[in-house]
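Residue numbers begin at 1 in each chain, while the letters A, B, ... track the order of the sequences.
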2 protein chains.
Amino acid sequence: MPPNLQPVFRALGDPTRRDILRMLGQEPMTIAEVSEHFDMTRAAVKKHLVMLSDGGLINVEPRGREKVNSLNAAALKPVFEWLSWFDKFWDDRLDALKTAIEKDQSHDTGRNND
Amino acid sequence: MPPNLQPVFRALGDPTRRDILRMLGQEPMTIAEVSEHFDMTRAAVKKHLVMLSDGGLINVEPRGREKVNSLNAAALKPVFEWLSWFDKFWDDRLDALKTAIEKDQSHDTGRNND
DNA sequence: TATATATGATACCTAAAAGTATCACGTCAA
DNA sequence: TTGACGTGATACTTTTAGGTATCATATATA
């Protein structure tokens, strides 16, 4: 079952959320810690985290009274693959090689790309 | 100067626009032709095309009284590269190979990735 | 236990997105 | 040259996104 791409693309559509992803790529953070990096209320940051969670882009785990948000980069994979459909238009060579790599790997390439 | 990613990500955030990109990947189309594929007015489709154009994702060329919209997949490249930053989290092997490919190519890899 | 703290949830505001309807304008064709 | 046709542009409506403010709840901690 192909994952629904829409929540992922929607989550990526906001610059604050893209920044958050990069931050969580460095280290997991609580909501308060993420909020420190932005000039907006914690509630606003929380909403962004919910959207990221909706897209499966982050994992949220309780730790006492805190919630630790960590990156789930695997959720980006379908996006990457959706984009790869267009490789042929801007770089035939890279596309060919990447296809070879994917074939070489024993991946479940049950891709739908929609 | 790194292209502004925001208009591109915003354009990709809507499923109709992603569909249009795939359609234009098959062949260039006029606004009327694109509109035939969707259950909405031509004006609405036109707005989507403007957003795609804002992100540089399509080229629009006049042909008599028509406008021919064609895919500009090169505009997806920065998005692809932005995503590639996360490769290490979900597939070290593919990332390593892709890096090797890019190094092998003589590309203007003046990437900023923000 | 009493209190401070981290988060959750709700209501509300503003702006932008997505869509429709309508009309104006340029171009092709009879 | 007169329509017909494809498009551009504007005004309008509805929904969603992004944000603030506020209060409730659960958990540490003095």
Side-chain angles (χ1 to χ4, degrees), chain A residues 4-24 27-72 75 79 114, chain B residues 4-24 27-72 75 79 114:
Chain A
N4 188 3
L5 277 185
Q6 181 51 22
V8 189
F9 271 109
R10 181 160 30 105
L12 292 179
D14 182 273
T16 298
R17 289 193 286 268
R18 291 197 301 277
D19 286 346
I20 292 175
L21 284 184
R22 296 292 279 262
M23 288 170 44
L24 297 182
E27 57 176 353
M29 293 185 188
T30 66
I31 299 177
E33 286 168 342
V34 174
S35 298
E36 287 173 7
H37 293 75
F38 297 97
D39 187 22
M40 65 182 77
T41 63
R42 179 186 54 78
V45 170
K46 164 75 157 109
K47 282 191 180 180
H48 286 303
L49 290 173
V50 167
M51 281 191 162
L52 287 169
S53 178
D54 287 346
L57 288 162
I58 64 172
N59 295 316
V60 188
E61 196 173 358
R63 188 181 59 190
R65 61 178 162 184
E66 301 177 328
K67 290 283 182 76
V68 179
N69 304 272
S70 58
L71 176 68
N72 179 29
V79 178
D114 278 341
Chain B
N4 187 4
L5 277 185
Q6 182 51 22
V8 188
F9 271 110
R10 181 159 30 103
L12 293 178
D14 183 274
T16 298
R17 290 193 286 268
R18 291 197 302 276
D19 285 346
I20 291 176
L21 285 184
R22 296 291 280 259
M23 288 170 45
L24 297 182
E27 57 176 353
M29 293 185 188
T30 66
I31 299 178
E33 286 169 342
V34 174
S35 299
E36 285 173 8
H37 292 74
F38 297 97
D39 186 24
M40 65 181 77
T41 63
R42 179 185 53 77
V45 170
K46 164 73 158 114
K47 284 190 181 181
H48 285 303
L49 290 172
V50 167
M51 281 192 160
L52 288 169
S53 179
D54 287 346
L57 288 162
I58 64 172
N59 295 318
V60 188
E61 196 172 358
R63 188 180 62 189
R65 62 180 161 182
E66 302 178 328
K67 291 282 181 78
V68 180
N69 304 272
S70 58
L71 176 68
N72 178 30
V79 178
D114 278 341

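- Side chain of Gln6(A) to main chain of Gly13(B): a donor-acceptor pair is present (N/O by atom type, distance under 3.5 Å, no hydrogens or angles).
- Look at CD on Gln6(B): it is 12 Å from C1' on dA17(D), rounded to the nearest Å.
- One atom, CZ of Arg18(A), and another, P of dG18(D), lie 11 Å apart when rounded to the nearest Å.
- The side chain of Met51(B) lies closest to dA18(C) when the candidates are dG8(D), dA18(C), dG8(C).
- Here Leu12(B) contributes atom CG and Arg18(B) contributes atom CZ; the two are 7.5 Å apart, rounded to the nearest 0.5 Å.
- We find that CD1 of Ile31(B) is positioned 12 Å from C1' of dA9(D), with the value rounded to whole Å.
- In this entry the distance linking CD of Glu36(A) with C1' of dT5(C) reads 14 Å, nearest Å.
- With rounding to whole Å, Leu49(B) atom CG is found 14 Å from dA18(C) atom C1'.
- Regarding contacts with the backbone of dA17(D), every side-chain N or O of His48(A) stays at 4.0 angstrom or more from both OP1 and OP2.
- With rounding to the nearest 0.5 Å, the separation of CG in Leu49(A) from CG in Leu57(A) is 11.5 Å.
- Between His48(B) and Val34(B), every side-chain heavy-atom pair lies at or beyond the 4.5 Å cut-off.
- Between Lys46(A) and dA6(C) there is no side-chain polar atom (N or O) within less than 4.0 angstrom of OP1 or OP2.
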Practice task
Could you run through nucleotides 20-30 of chain D and give me one letter per nucleotide, 5' to 3': B if any protein heavy atom sits under 4.0 Å from the base, S if only the sugar-phosphate is that close, - if neither?
Solution key: BB-----BS--

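- Atom C1' of nucleotide dG6(D) and atom CD of Glu33(B) are separated by 11 Å, given to the nearest angstrom.
- No engagement by Thr16(B) is indicated, since no non-hydrogen atom pair under 4.0 Å with the nucleic acid exists.
- A distance of 11.0 Å separates CG of Asp54(A) from CG of Asn4(A), quoted to the nearest 0.5 Å.
- The nearest whole Å value for the distance from the CG atom in Asp14(B) to the P atom in dA18(C) is 5 Å.
- In terms of phosphate contacts, Arg10(B) brings a side-chain nitrogen or oxygen within less than 4.0 Å of OP1 or OP2 of dA17(C).
- Proximity of Asn59(B) to Val68(B): side-chain heavy atoms (C-beta onward) are nowhere separated by under 4.5 Å.
- In this structure, His37(A) NE2 and Thr16(A) OG1 are separated by 13.0 Å, a value rounded to the nearest 0.5 Å.
- Checking the phosphate oxygens (OP1, OP2) of dG6(D), no side-chain nitrogen or oxygen of Thr30(B) falls inside 4.0 Å.
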